[in-house]
There are 2 protein chains.
Amino acid sequence: MAETAGQRRSKTRIRILAACRQLFNERGPSSVTTAEIAATLGINEGNLYYHFQRKEQILEALFAEFENRLREAASVYQSYGDDIRRYPDYLSGWFTLMWRWRFFYRDAAAVHRLSPSLRPRLKALSDDGQNHIREALNGMQAAGLISIPEQEMEALIVNSWIVSTYWIDYLRSRHGISEVTRVHLNWGAAQVMSLFRPFLTPKWTALTETSSPPASASPEEEKG
Amino acid sequence: MAETAGQRRSKTRIRILAACRQLFNERGPSSVTTAEIAATLGINEGNLYYHFQRKEQILEALFAEFENRLREAASVYQSYGDDIRRYPDYLSGWFTLMWRWRFFYRDAAAVHRLSPSLRPRLKALSDDGQNHIREALNGMQAAGLISIPEQEMEALIVNSWIVSTYWIDYLRSRHGISEVTRVHLNWGAAQVMSLFRPFLTPKWTALTETSSPPASASPEEEKG
DNA sequence: GTCTATAATGAGATAGAC
DNA sequence: GTCTATCTCATTATAGAC
């Protein structure tokens, strides 16, 4: 266990994972070569293969890290208890995570091909995402923040999932934006929010105007 | 000119383009190899290279064909004159085209890499798509079929573009659907329509209930 | 027009010295 | 842990016989 932890925390290993998350988010895991990863870090390709014998293992390590972040976000959500403010904050936090690890959503086909063993976990991730939207919307409905006709609910959930998964690719393809800043992130969140807007109640408006803005993530985390 | 036309109409050339449109729609142009294209057609790779010296040229020929179909659709739309029925029919026709050539939208990054010369034409295509949505919505607004607050219009146009571009990838990644039938196509159209539904007027409902359903495309065209 | 054979490239991966 | 050198393999593309 001690040497495993030692290997897991190796400085180079951590740098590789950080660089890969950024590169994969920018151009997708299948068009980023091992040569490019090594060059980005200023290390040799052979060294890269010392830490990860297969490209597949990089994806698996990244996914494990992502799962941990998701668990953290879920426990923060729980910690709010019945505080009504948990809904906007949860949506915001969840959206930030989807953005930071967006290649797992956007390039799911490539991930499946490179790392077939991740398939069931990716499916679970995708199911969870939709269930979380559903749960949050039901909660907001019960709290009187939103009023959605029963027959519109499923279509709205699906559209939320699609827009929040692909808005970043929209920015790239339509506006040539390759580096996403907080301004773009806010734009994307507003875009998803606009799906709900026809259904928001005055109570929601009052809530979001008085609640404090969500803590901004650290800038170095922002760039990926 | 005569021999050019002769080469353009060559039977094998046409079969190559048809097979490629289908394969590219299924798995994207960059993961479909020339070996696979040749095998699908039961011809030799060398023969494939007789008709298209570079993979890039296949993409260019396919894009030219797509542009022709778009021009046809635009002229059908014009031929309706002021007939109010042009809006639902136009949306339906445009949506069918986007679906049949969806890899140009979904795999735009891969297309750019393989065929850099197509970049400006892809940009124009994307601009046109959004402008057509905008024009149709403005027309419907003027005709009293729909009532959208000014400040919601742009967000709605963007969401329409995103959902109609990526709904097919949603079906694949969330529901494992690899072969799309007319049922799925209708599902996608309904998904886009649900974005407008909060804004539809009774006049729209009356119109769509009395208008005849759009002619279904031929089944063999459906499969791509 | 179509085939066989083969070159050229580039990406993933390994062996072994340091 | 990191490097150099090398291997294997898939994919694009070409040459030339039929």
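So that the names make sense, note that chain A is the first sequence line, chain B the second, and so on, each numbered from 1.
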Task: Whole angstrom value for the distance that separates P of C/dA13 from NE2 of A/His51 - done: 16 Å
Task: Any pair counted as salt bridge (Lys or Arg N to Asp or Glu O under 4.0 Å), so long as it reaches residues 29-51 of chain B, sequence neighbours left out - done: B/Arg27-B/Glu36
Task: Nucleotide nearest A/Ser10 (side chain, heavy atoms from C-beta), chosen from D/dG1, C/dC3, D/dC3 - done: D/dG1
TODO: Go through the steps for A/His175 and A/Tyr170 under the test ring pair (Phe, Tyr, Trp, His ring centres under 6.0 Å), then give the verdict.
DONE: CA-CA 8 Å; A/His175 301 284; A/Tyr170 167 85; 5.5 Å; yes
- [ ] In whole angstrom, give the distance that lies between atom CG of B/Leu41 and atom C1' of C/dC3.
- [x] 15 Å
TODO: Measure from NZ or CZ of B/Arg21 to the centre of the six-membered ring of B/Trp101 and say whether it is under 6.0 Å with the direction within 45° of the ring axis.
DONE: yes
Task: Residues B/Asp169, A/Arg106: salt bridge by 4.0 Å N-O rule - done: no
Task: Matching residue for A/Phe24 among A/Phe63, A/Tyr105, A/Phe103 - test: ring-ring contact (aromatic ring centres under 6.0 Å, His included) - done: A/Phe103
Open item on the list: Can you build the contact string for nucleotides 4-18 of chain D? Use B for base contact, S for sugar-phosphate-only contact, and - for no protein heavy atom under 4.0 Å.
Closed with: B------SBBB----
